[in-house]
Every structure is written in structure tokens, then in C-alpha cells.
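Let me begin by presenting the structure, written as C-alpha cells, before commenting on it.
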Amino acid sequence: MRLVDSSKLLELQNKPTNIRNICIVAHVDHGKTTLADSLISSNGIISQRMSGKLRYLDSRPDEQERGITMKSSSISLYHSVDQQEYLVNLIDSPGHIDFSSEVSTAVRLCDGAIVVVDVVEGVCPQTRLVLKQAYSENIKAVLVLNKIDRLILEMQLTPLDAYVHLTQVLEQVNAVMGELFATEILENEEITLDKQEKKDLKKEDNNFYDWTSALEDSDDSNLYFSPEQGNVVFASAADGWGFTIHTFAKLFSDKLGVKDEILRKVLWGDFYLNTKTKRFMKGAQEKAKKPLFVQVILDNLWNVYETIAMRNEKEKVPVICEKLGIKLTTRDLRHTDARIQLQSLMVQWLPLSNTVLNMVCRKLPSPKEILPEKVEKLMCSRIRDFDSFGLETQKLKEDFLACDSSNDRPVIVFVSKMFNVDKSMLSENKPKTLTPEEMAIRRERVRQLREERKQNNENVKDANTEEKKIVEEKEIIEEEEDKDQPIFIAFARIFSGRLRKGDKVYVLGPKHDPSKILNMNYQFDPDKKLKDLMSDEHITCTEIKSLYILMGREMEAIDEAVAGNIIGIGGLEDHVLRTATLSSTIACPAFSEMQYSVVPILRVALEPTYPSQLPQLVKGLKLLNQADSCVQVLLQETGEHVLVTAGEIHLERCLEDLKNNYAKIPITVSEPIVPFRETIVEPPKIDMANEEIDAQNVIDKEISKDIDPVIIVYTNNKQSRIKIRAKPIPSEITNLLDKSSDLLKAISQHIKTLQGLTKNNIETKFRELQINGTKHTLSDRMLKLIQAFKDELTSICSKLSPEWKDIVDQIWSVGPRNCGPNLLLNQTNDYFTKYLHHEKELKEDPRFEYESSFVNGFQLASLAGPLCDEPMMGVAFCVEEWKLEKESGEDVSYTFGPLSGQIMSAVKDGCRKAFQAQPQRLMAAMYSCDISVDQKVLEQMRLNPISDLRHGVTHSSGIPEVDS
């Protein structure tokens, strides 16, 4: 039975200082959902005995079957501590790598995170990933060291050994945090130095800079997880107990006659109790003494477990209960299962839900405490300056920080994802209990209908019967169609203002830029939906049809919601594809793009089992694309529908959703494949038998002289001549291009705008140009990032062969999609490009008009290579000559088409031929992982490695060394 009704939660929604928006993040199977169950049981929504078994927030059948979380779910909880009432909006997120995009959507909406770590497995790859995601979003985290019962029952460690093991796990987690902190400080210090250089400083002060001072001066006191600070919980979610150092300090302060504050400082660390002086001393390890943490806490825990769970001494259970001051029911005392007895005892002695929620309310920030750095990260991307926004947009930062719901504050809401729900979950579709007044009204209506029927004659009744049947059949069909139509709810958080049912707001797409809209007379059509927008339009207008409090498997309708709350919004499926920003002003920028840690890589081809059902498949794929942020739906030139997912489990989930929820038709699925990348390599000099080719076939050598790797292509009308050569890019440069994709995309956007200027009005339009910066120039941050990229590229090239020496000056474009790992290099003598050199002036050249067509030809070639139409990787196309002899007389476009199109086709064909003139290779994706197994089956794993099923290679195996 729920202890708190929705009216209380609505009341607490109006107190932002008492709201905690948190998510639970961890590696897969580290105990997130079990912990969430325990927290939910504190509100009486589920029984404490069902925690970990019910998996309340895993509402999907496949989540229950597999025992893993596949989608983020939110629930609002009530908690009271220190005579204050709190509303905790809890989001349980997946731990499997296939669903890490769900973690990104959860973290974006939260102010704090609970990081759960299995003390036996320690820090795992996904643990590092979620810590990085939380840190990059400026989320404050607390730590739960879970599954301590495994140290007792499985590993059978002594209390002292367990203490050493716990300190090592804690050091591992803090080492990850320290690495993230140091990286950020050094990046920010570089920006700070850049700003200082603009000031008038003495020359002798700028001769050198000690980078270590940045780390030394930075405050990291609140960065690390430390038990004495109260931000670490030691727990066993399966057994329902948990504690902090403060818990035992409060329990033992009276018994030891020591102040609570002193015990908090000495219960963790190298402290011991001197029995002679009755004082706490440092140096327990040096003097071979038990640390206080072992003596006071772990010894007691081990005694309880050994007595009840291991030796099953039931007669001692009442004695233990009496000493601990708790009472077990007669049913629990008579229970034959010792583990259930243990759980009942521990839940009363050290309740996990109270411990964790107390820590959350005391240590994690409220929405009112949002940091200015986080606001700027939300409002602008990594490559953009906040100062580049207009004054009207910059003023919105104050509204973010205020987190105020006053009527004069603008409404700012971020939608992190759209999720599908059953209609039965919506409160308006549930049967409602009628009041006595409503019952009386209905009785009166029934009585009136009966009287009307008696007054009507028999013939009229017969005539109307057929009409009524037709109407009823239509209504039944409409109801069935309405039921089949999936309902999408927006998973959102209000950052400013008050959102009411019936309000009209702007829906701002991810590419919305207020700087462009406010500087022009933008004509807005309020009737347009997402599907009606042109490529350069990113704004629609909608009315808020419904608002919900998210309660896990249920949702409760509300009339309004205020700043600081996580809510569900209905009726946005025609306006939001995946993410969007809702606002009452178009001056609000679109929130910065969320960083997903995985990309879709596993693809299958789909077709309906019955060809006549193709429209249902197309519709279902559109709905799936809207519901899942990590799915790609492609339509090939052959008409084949392709679904790209993050992994095998993700693929299975998507196919189940497609068959059962979205398309609702039988589907034929091809064998899954992993996308390839096409590349070229240096010509080989030795064959497979390690014999030199050069010394063998003289005839082949003579023939090879006739094959020139430089390709010459002409446009169809022979007005343009292009000479292209392909060569492989060293891996160091390829990695840099991959890492700098966001920057390269922004540079390409700038170049495209320049290419749109005609010769006659270059100077006029250049003054109006504003891309990520003020008029006339790019932003300082953008220019600085470009310079840093050029410096790093120059540094890499200096260590390579001389042919790469001047690559920075030669880069013309990158591809595919203007941000890939392939280069178009300009090695002509008479044509100059402006890709990384924005300080150069534009010069008149007849070829400038066709430069965008030239680059687009390269983009098309790098997007689909000649081997199997897969994207290229690590290929540089060197343009050694580009001649244009445009005839001013006779117009030949009617025969061969526009010259721009001919150049695009010629460049595409030239790049593909240049690629084929070199030794070609296909690159397959590689997946690396660590497999942990029990020592008993380690030998079997060596003899029959599971990786052989996927053509894998085992690099090393054995028992890792552990420092004790």
C-alpha cells in the first residue's frame, strides 16, 4: 500500500530546494535495479520482501526474462529526513553497453547520480563510462559499494582482508575520478592562458608556464568518494541493508562515550583504539592493530552472517535481535530459510532505503543549485562560445540558475527522449470510481432513456436498429484502430518557468540557432508539424495536451508542473523526433547534443513476410526510429530497408518491438552483419612467403610501369580536366580526424556558407556572415580549437615521412559527411583553398563557383566505396591538377547538363578509380572485452574459447595478480 498519495507529491513539486533529481548508474549486474526496488519499497509501492525479485521499474517482458534493464524508467518518491520533506525523482538506467544511450538521456535530466559498484568485480568498463558521462554533464555523484555479502559468503574473506579489498576498490573508483578531473583542469587552463595572453602582461612572465600549478591550485576536496564525508554507502542490496560511517558513528557514540563528530573522522582509515589510554590513535597497520572500521563494524557484520547464514544457529537469533534492539515477527523466527531470517534482521537493523535516501537528500544538489558551468554546457556546444549568443539569449542563463516558476519567467523544457506506453498506463484511460452524485445523474439518464423507448413505436425502432448497428460497427473499428496506435510520451525536465496543460510553446529542433533567427524577419507558420519543415527550418508550435508524474509502470495526470521537476508530456509525437527543446521564446537555444558512448554498428535487412504489408513495415520503422535514440533506419538504393543497432541484444529488442508494438506484422530478417570500411594500403614489397617481389618477375615489373596511380578525368563536355591520386593516411592522422569530428563539421559549415556567396556580393555577404561567432569572424573559441587542431596535426606530420610535411596547408575537405577520416588534399599550383586558413582573403577565380560541386563529388565517393558501397576510411585523395576552360560562347548544358553536376560526377568517378589503382582492403569492426569466469572453468575457456564463434582472438588468459 502506497504510503504517500499523489497530492503530497504535487505539493512537494512546488519546492525546488527540496527536490532531488537523481539516476542510478553502474555496470551491468552490479545491482542497480535491486537497489531501486529497495528505495521504492520505502514508499510502500512494493513489499520489502519483493525487492530484487519484482524488478518494479523493469516493465518490459524481455527485461524480466533476461534480468537486465533495457530502458530508463523514472519514479517519484517521498522521503523525510532532518525534519524536512523531499521529493526524489529517481531514474533507473541500463548497465548493458548496448543500451548506454539510455544512460545519456537519464544523466542529462539529473542533478545527481548514485554510482553502484560490485565490490567483488570492482571497476568495470561500463563503470568508467558512466563516471565519465556523469562528470561530463557536471553531475555530482555518490557511491554505493554493493554486494558486500559476497565477500563473506562467496570469497569467505576475513574482516581485515575485506577491509583491505574495500580500500582497493575505493581507490580504483577515485583514480577514475582523478583522471577525469586532471584532464578537464588542463583543458580549462589552456583556455584561461589564452585569455590572459590578451591582457598586457610583461614578457618575462610569459616565457614559461608550470602546468602542474593548475592541478595544485584546483579545489578537488569534493571530487573524491570518501566514507568520512558521508558520500559512500557500504551495502548488500540483495539482503536489503546498507550503512555509512555516520550510521555507526551515531550507534556507537553513546556506547564508547565519544562524540559523534570524532567517530566520523576515525571510523575509516588507519586508526585504532588504544585500550590502555582509551584514545584513538593513528598507525594501525604499522602496529599490527585492527582498524576501527574492522573492529567496530565489519567484525559485527561477520558475526551476524556466520551465526545465521553459515552456521544456521537459530537459537542465537533472538539473542542477537535483543542486543541490536530489534524485533522479528514469529513468522520470521520460525522460518526454515536462514537467508530470509538474515534479511529480515538486517533490514530492521541497517535499512538500505533510509541510508541511501538520507545520503541523497544531504549530499546531492537540488535543481536550485545548478552550476553556471553546467548551464553554459547545456546552452552551447563544445566548439561554441557562450558570448557569441545575442543578449536576449544570454539573459536566459539567469533563468536557468534561478529555477523559478514565476509567471514572468520564460518556459524552458528539455525533452531527452520519446518513449512508447500502453494506453492502459495513462490515468485518463483507467476506470474511475463514481461519486454518489455522479451515480444519481447516471440513474436519471437511464430512466429517461427507458421512457423515450417506450414512447417510440415499434416501426421506428426497427428502422433505427440497422442504422445503430452500422454506427456501432464504425465506432468499434475506430476504437480498435485507436487502441493499435502507439502513444508516445516525452521524457522531459523543466529548467525554468511553469508549464500548464493547454499552454502553447515553441518546439525547437536540435539544429535551432537563435542567432540566425533573431537577425532576420523569420516568418513562422504555427500550423506546421515536423514532417512539413524544410531543411533549414527547425521550429514548430504546439499545445501541451497532457502532463504526467512518472511513477514507474504508472503515470498520473497533472494540470501543471513547475521548474526543477522531471515529468512526462503527451501529444508531442508530431513535433519531436527524438530530442527537442520546448520554450516560450525562440531566443532560447537548442540544448547541446548529447554524447552517446556507442554508435549503431550491427545491421540487418528487413522485409514483410507478406509483400502487401510493406506500408505497415515502413510505418513501424518510423515509429521505432522515434522511440529509440540509438537506432538507424536506412532505405538503400535497391529499395531494401536496413535496421542498424548497437548490438545483438539491442537488435533482438528492436525486432520484438517492431513485430509486437509498431508494425504488428510478421517480418523476415536477414543474417546480421557488421559494417565494413574500405581503405587502401601501401603497395606490398614481399609476398606471403617473405620473398621479395621486386627481384622476381621482371615481366610483371615492366607491365606495372604502364599502370599509373594518378587518374586523369574529364567532364563530359571536356571543359574541365582533373588529375587525382589516392594514398593511404597514417593511423595517427586518421585517429585525430576521428576525434575532431565536431570541429571539422563546424568548419565545413563555415566553408559551405562562403561557397554560397557569389562573386558580385562577396564583401556585402561576408559582413553578414556569423557562424559560431560575432559578425565578420568566427568565435575566439572556434579559432583557438582550429589552431589547436593544426598544431597537433603539424606535430604528428613532423614525425612521419616528408610527403606529409605540408598537409595542413593542403587540406581541402574531409569526408564522408564533412567530418570523416578521409582527406581531400589540394596539391595544385594555381588554386588555393580556405579550409583551415580563415585569415586569407577571398580571391576571384572562375573555379570558385564550382568548388562546392568538386567537394561534393569527393563526399559521395568517400561515402560509398567501389568495393561494397561502404564508407572509406584512412584514404587521402590528392588533387594534382584542376583545369577549367569554360566556353563563353555556345551553351552545351542542354546536352551534358550543368557544368557543376558534371564536375561532381567526374570527381566521384576519379576518386573511385584512384582508389582502385591502389591495393585495396576491407576493414572489419573490432570488439574487445574482458571475460571474467570462475577459476574452476578457466581451463575449459582456454580449450574452447567462446570468441571462436565470432572469429575472435584470445590475447591472454589466466589469473590476474591482485595486490594485497
Side-chain angles (χ1 to χ4, degrees), residues 1-14 40 43-47 56 59 73-76 78 87 419-490 498-504 542-562 565 567-574 660-661 664:
M1 181 180 175
R2 187 175 296 178
L3 302 178
V4 179
D5 60 6
S6 57
S7 60
K8 186 65 177 178
L9 300 178
L10 284 171
E11 181 187 333
L12 290 172
Q13 275 195 348
N14 293 297
I40 293 168
N43 276 224
I45 298 171
I46 63 173
S47 167
Y56 182 75
S59 55
S73 300
S74 179
I75 189 167
S76 297
Y78 167 86
L87 174 65
F419 63 96
N420 179 34
V421 297
D422 294 330
K423 281 197 170 182
S424 59
M425 288 180 63
L426 304 180
S427 55
E428 58 262 33
N429 295 329
K430 292 181 180 178
K432 297 179 181 178
T433 306
L434 298 177
T435 62
E437 292 80 7
E438 290 172 332
M439 291 285 286
I441 293 170
R442 289 204 173 191
R443 286 195 197 98
E444 182 64 24
R445 284 180 60 189
V446 170
R447 189 183 63 78
Q448 289 175 0
L449 287 170
R450 283 177 181 171
E451 290 178 356
E452 287 175 6
R453 285 177 183 175
K454 288 178 182 178
Q455 291 173 3
N456 292 334
N457 56 41
E458 294 290 332
N459 295 331
V460 175
K461 284 183 181 179
D462 293 338
N464 290 337
T465 302
E466 292 184 6
E467 291 181 9
K468 285 181 180 179
K469 283 183 180 179
I470 294 169
V471 172
E472 285 175 0
E473 286 176 4
K474 286 182 178 180
E475 286 178 354
I476 290 169
I477 292 169
E478 287 176 1
E479 283 181 8
E480 287 179 354
E481 288 178 355
D482 199 35
K483 283 182 180 178
D484 291 342
Q485 187 70 20
I487 293 180
F488 282 95
I489 301 296
R498 183 182 294 266
L499 193 64
R500 296 182 180 88
K501 195 174 173 181
D503 281 355
K504 289 198 172 181
T542 186
E543 182 180 333
I544 302 298
K545 294 179 181 177
S546 52
L547 299 170
Y548 301 97
I549 297 178
L550 303 175
M551 295 299 296
R553 300 183 183 185
E554 300 175 357
M555 290 190 293
E556 296 189 10
I558 54 176
D559 293 328
E560 66 175 20
V562 299
N565 286 283
I567 58 169
I569 306 175
L572 296 180
E573 53 266 20
D574 292 332
N660 301 329
N661 298 331
K664 296 185 178 180

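A quick note: this is a predicted structure, and the numbers were derived from the prediction, not measured. Computed from heavy atoms alone, side chains included, the values below leave out hydrogens, waters and symmetry copies.
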Item to check | Derivation and outcome, side chain to side chain contact (heavy atoms under 4.5 Å, CB included), residues Ile569 and Leu547 | outcome: CA-CA 5 Å; Ile569 306 175; Leu547 299 170; 4.0 Å; yes

Next on the checklist: Test side chain to side chain contact (heavy atoms under 4.5 Å, CB included) on Val421 and Tyr548; report intermediate values, then the result.
Outcome noted: CA-CA 12 Å; Val421 297; Tyr548 301 97; over 6 Å; no

Checklist entry - Going through the distances and angles, do Met551 and Ile40 end up as a side chain to side chain contact (heavy atoms under 4.5 Å, CB included)? => result CA-CA 10 Å; Met551 295 299 296; Ile40 293 168; over 6 Å; no

Which value, rounded to the nearest 0.5 Å, describes the distance between [X] atom [atom1] and [Y] atom [atom2]?
X: Leu449; Y: Glu444; atom1: CG; atom2: CD; result: 10.5 Å
X: Glu560; Y: Asn14; atom1: CD; atom2: CG; result: 7.0 Å
X: Leu499; Y: Ile567; atom1: CG; atom2: CD1; result: 5.5 Å
X: Gln13; Y: Ser6; atom1: CD; atom2: OG; result: 10.0 Å

So, for [X] and [Y], which heavy atoms are closest and what is the spacing to 0.1 Å?
X: Glu543; Y: Gly502; value: CG-O, 3.5 Å
X: Leu572; Y: Ala490; value: CD1-CB, 3.7 Å
X: Met555; Y: Leu550; value: SD-CD2, 3.5 Å

Does [X], at its [atom1] atom, have more than 12 non-hydrogen atoms belonging to other residues, nucleotides or ligands within less than 6.0 Å?
X: Arg442; atom1: CZ; answer: no
X: Arg447; atom1: CZ; answer: yes
X: Lys545; atom1: NZ; answer: no

Checklist entry - Less than 4.5 Å apart, any side-chain heavy atom of Glu556 and any of Leu9? => result no

Checklist entry - Would you call Leu87 and Asn565 a side-chain contact if the rule is heavy atoms closer than 4.5 Å? => result yes

Item to check | Exam field: side chain Asn43 to backbone Tyr78, donor-acceptor pair closer than 3.5 Å | outcome: yes

Next on the checklist: Evaluate Leu10 against Ile549 for side chain to side chain contact (heavy atoms under 4.5 Å, CB included), listing each step before the verdict.
Outcome noted: CA-CA 9 Å; Leu10 284 171; Ile549 297 178; 3.7 Å; yes

